Amino acid sequence: MAGVTEAELLEQVQEALDTPTSEDGAMSVVELSEALDLPASSVRNRLRKLLESGSIELVRVRRTAMHGIVSRRVAYRTIKTDIKKAIEK
């Protein structure tokens, strides 16, 4: 991952959240981690910056676990703002 700037990583997270794979328009840390091929800790760090900037919001969504039980999970959804504001902070 050498040569990738913080701004580029933030933009990747923002783009992934702009095109979620679920009907509710949100993605969990695990879903983002898999989509971006990044460790969950790296995704969390980027999400924290996007939350602070007001670019995304935390929501609770229903997800079905591999054993078939549906539960509410923490996920993140885009609030339509300019990614540049998040990068500048």
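Please read all numbers here as calculations on a predicted model, not as lab measurements.
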From R46 atom CZ to L51 atom CG, the distance as rounded to the nearest 0.5 Å: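 It is 14.0 Å, given to the nearest 0.5 Å.
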Supply the atom-to-atom distance I69 CD1 to S71 OG, rounded to the nearest 0.5 angstrom.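 Interatomic distance, I69 CD1 to S71 OG, rounded to 0.5 Å: 8.0 Å.
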What residues, two or more places apart in sequence or in another chain, satisfy side chain to side chain contact (heavy atoms under 4.5 Å, CB included) together with R77?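 With neighbours one apart ignored, the set is A26, E57, V59.
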List for me each residue that meets side chain to side chain contact (heavy atoms under 4.5 Å, CB included) alongside V74, sequence neighbours excluded, and say none if there are none.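 Once residues adjacent in sequence are excluded, the partners of V74 under the side chain to side chain contact (heavy atoms under 4.5 Å, CB included) criterion are L58, R60, Y76.
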Ignoring hydrogens and angles, tell me if any N or O in the side chain of S33 forms a donor-acceptor pair with the backbone of L38 under 3.5 Å.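 Pair found, side chain donor or acceptor close to backbone of L38.
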Look at the side chain of E34 and the backbone N and O of E31, then say whether any donor-acceptor pair between them is shorter than 3.5 Å.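 Checked: no pair found.
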Quick check: do I56 and I79 have side-chain heavy atoms less than 4.5 Å from each other?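 A side-chain contact is absent here, since even the closest heavy-atom pair is not under 4.5 Å.
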How about R63 and D24: do any of their side-chain heavy atoms sit closer than 4.5 Å?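 A side-chain contact under 4.5 Å exists here.
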Could you tell me whether the side chains of S42 and R44 share a donor-acceptor contact shorter than 3.5 Å?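 No.
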Run L47 and L32 through side chain to side chain contact (heavy atoms under 4.5 Å, CB included) and show every step you take. CA-CA 10 Å; L47 287 171; L32 281 165; 3.8 Å; yes
Are V61 and M27 linked, directly or through intermediate hydrophobic residues, by side-chain heavy-atom contacts shorter than 4.5 Å (ILVMFWY only)?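 No: no chain of side-chain contacts under 4.5 Å links M27 to V61.
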Side chain to side chain donor-acceptor pair (under 3.5 Å) involving R72 - partner list, sequence neighbours excluded: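 R72: no side chain to side chain donor-acceptor pair (under 3.5 Å) contacts found.
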